Peer 1: 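The structure under discussion is supplied below as structure tokens; questions concerning it will follow.
This one's a predicted model, so the numbers in the text were calculated from it and none came from an experiment. So you know, we letter chains A, B, ... as the sequences are listed, proteins then strands, and number each from 1.
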2 protein chains.
Amino acid sequence: MKRSKWASDLHWVREGQQDRSRKTQAALLDSAEELFAEHGIGGATIADISAAAGCSIGAFYHHYQDKRSVQFALFERYATEYEDTNRIALDHERWEGAQVGDILLAYVQVTLANDRGFPARRQATVELARAEPEINSQLIKLKAMLDLGISDLLIARRDEIGHPDPELAVTFVLDQLGSMLRTRMQEPDMPTRFGQHPDEDFAHEAMCSVCAYMQIELPAEV
Amino acid sequence: MKRSKWASDLHWVREGQQDRSRKTQAALLDSAEELFAEHGIGGATIADISAAAGCSIGAFYHHYQDKRSVQFALFERYATEYEDTNRIALDHERWEGAQVGDILLAYVQVTLANDRGFPARRQATVELARAEPEINSQLIKLKAMLDLGISDLLIARRDEIGHPDPELAVTFVLDQLGSMLRTRMQEPDMPTRFGQHPDEDFAHEAMCSVCAYMQIELPAEV
DNA sequence: ATTATCTATAGATCTATAGATAATGC
DNA sequence: ATTATCTATAGATCTATAGATAATGC
């Protein structure tokens with residue numbers, strides 16, 4: 001039976017142990033993510049992480065062997081989400097009828113929305129990659145997969161591109177947009193730079209720049 | 001008397017104490033810079049820094065009160081160099097006869113050369129800014145000063161710029177180039193991105209992109 | 001006499017464990 | 001009976017100091 005909207009958020013029964021366990025683990029990962037992003041991995045102690053997750057140091061060690069294993073678990077969670085999202089997003093059928101500019105604009109918009117939603121995620125992942133070479137190479141592979149996926153979509157539309165070397169132009173543009181998006185999230189405080197302007201204006205100027213460089217049509221929504 | 005070129009590198013006399021002191025301090029700063037950049041501030045112990053500088057922990061504490069004071073000293077050194085360089089580079093007389101594209105190309109080339117020469121400096125400074133709010137705001141001021149200086153040079157040549165909003169275009173372009181340069185230094189390993197291409201090709205494509213967006217002339221050297 | 005360095009170590013901090021208690025599952 | 005959590009703490013690591021030694025300056 002479907003519960004009424006009034007009741008749907010209430011829980012009369014106690015949670016099972018598995019739920020409890022999952023929740024603690026997730027809370028520990030969330031806290032680790034935030035603290036790693038803010039203070040670096042070395043700057044976040046296990047006591048900090050446990051306290052932020054609302055549990056004890058003992059509980060921490062019940063779920064994770066040590067700090068390193070949290071690092072790997074955190075990356076695992078990130079990698080799974082990242083792959084799943086990209087698999088859906090890069091499906092060729094999804095983009096039937098789309099032009100080069102539409103795909104690039106979507107890339108910008110989706111990345112902005114993602115990073116706004118989870119502001120610590122990007123920085124925490126950077127920290128993980130720096131601390132663990134294994135994670136670093138995994139992360140490079142993940143990003144390369146996304147780049148290749150978008151490249152495929154764009155190169156399939158190479159006839160639209162007026163730039164004399166479409167492959168080079170695609171590589172350059174993905175690097176350019178990726179760099180700007182990263183800076184926009186990591187350094188929002190620079191008074192003289194574009195971080196002060198709203199996301200919409202950023203997307204607009206970025207598309208103008210990209211379209212002028214590649215010599216493609218400006219997407220309709222801009 | 002000018003010493004012969006054979007002798008100019010030899011030192012028969014012992015260094016004075018002040019030289020010795022200065023050298024140890026500089027070596028400690030250099031080591032701290034490198035280790036902060038590689039492992040983060042929390043990941044670099046005082047023992048690590050001292051060992052890398054070729055001195056003891058005791059010597060460290062003779063020169064610096066604690067880790068924090070090295071952080072400030074390191075930033076101080078960076079800030080001084082940065083300001084001095086920019087004061088010279090941003091002199092309006094220096095750029096007489098230069099066009100917008102010339103100035104932007106010089107910005108790209110000088111930044112590349114600087115970062116190649118001191119690969120750890122940028123990352124270490126990022127770490128310092130994150131650890132100390134005081135350093136962070138100082139750093140923002142320094143960068144803002146450079147941005148404003150370049151902006152002034154470019155806006156003084158606004159007649160060359162075809163973009164409908166020259167001020168906006170200048171802000172956007174400085175953000176764009178700055179972002180790409182930063183990514184180029186910090187993430188050189190991405191196989192699908194432009195880091196794989198040589199600096200000359202990067203500068204070329206960056207200038208093509210910027211000139212197409214701003215609607216200015218491509219500088220002669222590109 | 002002063003400055004720079006070293007070795008050795010006390011004290012602080014952090015990690016990781018042991019042993020006890022509380023919550024669920026059968 | 002099993003799983004999840006807690007408190008208390010041993011052991012490891014790091015910071016920062018004390019006291020001794022070596023190098024320069026007068």
Peer 1: With the threshold set at under 4.0 Å for non-hydrogen atoms, list the residues of residues 45-53 of chain A touching DNA chain D in residue-number order.
Peer 2: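 Heavy-atom contacts with DNA chain D come from no residue of residues 45-53 of chain A; none.
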Peer 1: Would you write out the dot-bracket form of DNA chain D, 5' to 3', with Watson-Crick and G-U pairs under 3.5 Å, [ ] for crossing pairs, | for pairs to other strands and . for unpaired bases?
Peer 2: ||||||||||||||||||||||||..
Peer 1: For the side chain of Q176(B) and the backbone of Q176(A), is there at least one donor-acceptor N/O pair under 3.5 Å apart?
Peer 2: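 No.
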Peer 1: Between W95(B) (side chain only) and L154(B) (backbone N and O only), is there a donor and an acceptor less than 3.5 Å apart?
Peer 2: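 No, because the side chain of W95(B) does not come within donor-acceptor range (under 3.5 Å) of the backbone of L154(B).
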Peer 1: If every non-hydrogen atom of Y107(A) is compared with every non-hydrogen atom of T111(A), which pair is closest and at what distance?
Peer 2: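 Where Y107(A) meets T111(A) most closely, the heavy atoms are O-OG1, 2.7 Å.
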Peer 1: Whole-Å distance between dA4(C) P and R20(B) CZ?
Peer 2: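 Checked: the CZ to P distance equals 8 Å.
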Peer 1: Kindly state each residue pair satisfying side chain to side chain donor-acceptor pair (under 3.5 Å) with at least one member in residues 36-60 of chain B, sequence neighbours excluded.
Peer 2: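 The answer is T45(B)-D48(B).
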Peer 1: Quick one: which residue pairs count as a salt bridge (Lys or Arg N to Asp or Glu O under 4.0 Å) with a foot in residues 60-73 of chain B, not counting sequence neighbours?
Peer 2: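 Listed by first then second residue: R68(B)-E132(B).
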Peer 1: For H197(A), give me all partners under ring pair (Phe, Tyr, Trp, His ring centres under 6.0 Å), at least two apart in sequence or on another chain.
Peer 2: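 Testing H197(A) for ring pair (Phe, Tyr, Trp, His ring centres under 6.0 Å), a comparison that skips the adjacent residues, returns F194(A).
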Peer 1: Excluding sequence neighbours, so at least two apart, what forms side chain to side chain donor-acceptor pair (under 3.5 Å) with Y78(B)?
Peer 2: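 Listed in chain order: nothing, the list is empty.
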Peer 1: Identify whether the distance between the nearest side-chain nitrogen and carboxylate oxygen of K143(B) and E83(B) falls below 4.0 Å.
Peer 2: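 Between E83(B) and K143(B) there is no salt bridge, as every charged N stays at least 4.0 Å from the carboxylate O atoms.
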Peer 1: Output all residues satisfying salt bridge (charged side-chain N to carboxylate O under 4.0 Å, His left out) with E200(A), sequence neighbours left out; order by chain, then residue number.
Peer 2: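 E200(A) satisfies salt bridge (charged side-chain N to carboxylate O under 4.0 Å, His left out) with no other residue.
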Peer 1: Where along residues 26-42 of chain B does a heavy atom fall under 4.0 Å from DNA chain C?
Peer 2: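 Output list: empty, so none.
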Peer 1: Check DNA chain D against residues 54-75 of chain B and give the residues with a non-hydrogen atom under 4.0 Å, in numerical order.
Peer 2: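 Heavy-atom contacts with DNA chain D come from I57(B), Y61(B), D66(B), K67(B).
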Peer 1: Distance check needed: dA23(C) C1' versus D19(A) CG, whole Å only.
Peer 2: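 In whole Å, dA23(C) C1' lies 14 Å from D19(A) CG.
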Peer 1: Can you list everything that forms a salt bridge (charged side-chain N to carboxylate O under 4.0 Å, His left out) with D199(A)? Sequence neighbours excluded, please.
Peer 2: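 By the salt bridge (charged side-chain N to carboxylate O under 4.0 Å, His left out) rule, D199(A) matches R116(A), R184(A).
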Peer 1: Can you tell me if S209(B) uses its side chain to pair, donor with acceptor, with the backbone of E205(B) under 3.5 Å?
Peer 2: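 Not a single qualifying donor-acceptor pair exists.
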Peer 1: Can you sort out the partners of R121(B) under salt bridge (charged side-chain N to carboxylate O under 4.0 Å, His left out), two or more places apart, ordered by chain and number?
Peer 2: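 Partners of R121(B) by the salt bridge (charged side-chain N to carboxylate O under 4.0 Å, His left out) criterion, ordered by chain and then number, come out as E33(B), E81(B).
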Peer 1: Any side-chain N or O of T24(B) under 4.0 Å from OP1/OP2 of dT5(C)?
Peer 2: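 Indeed, a polar side-chain atom of T24(B) lies that close.
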Peer 1: Name all residues meeting the salt bridge (charged side-chain N to carboxylate O under 4.0 Å, His left out) criterion together with R94(A); count only those two or more places apart in sequence or in a different chain, and write none if there are none.
Peer 2: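 Per chain and number, R94(A) pairs via salt bridge (charged side-chain N to carboxylate O under 4.0 Å, His left out) with no residue.
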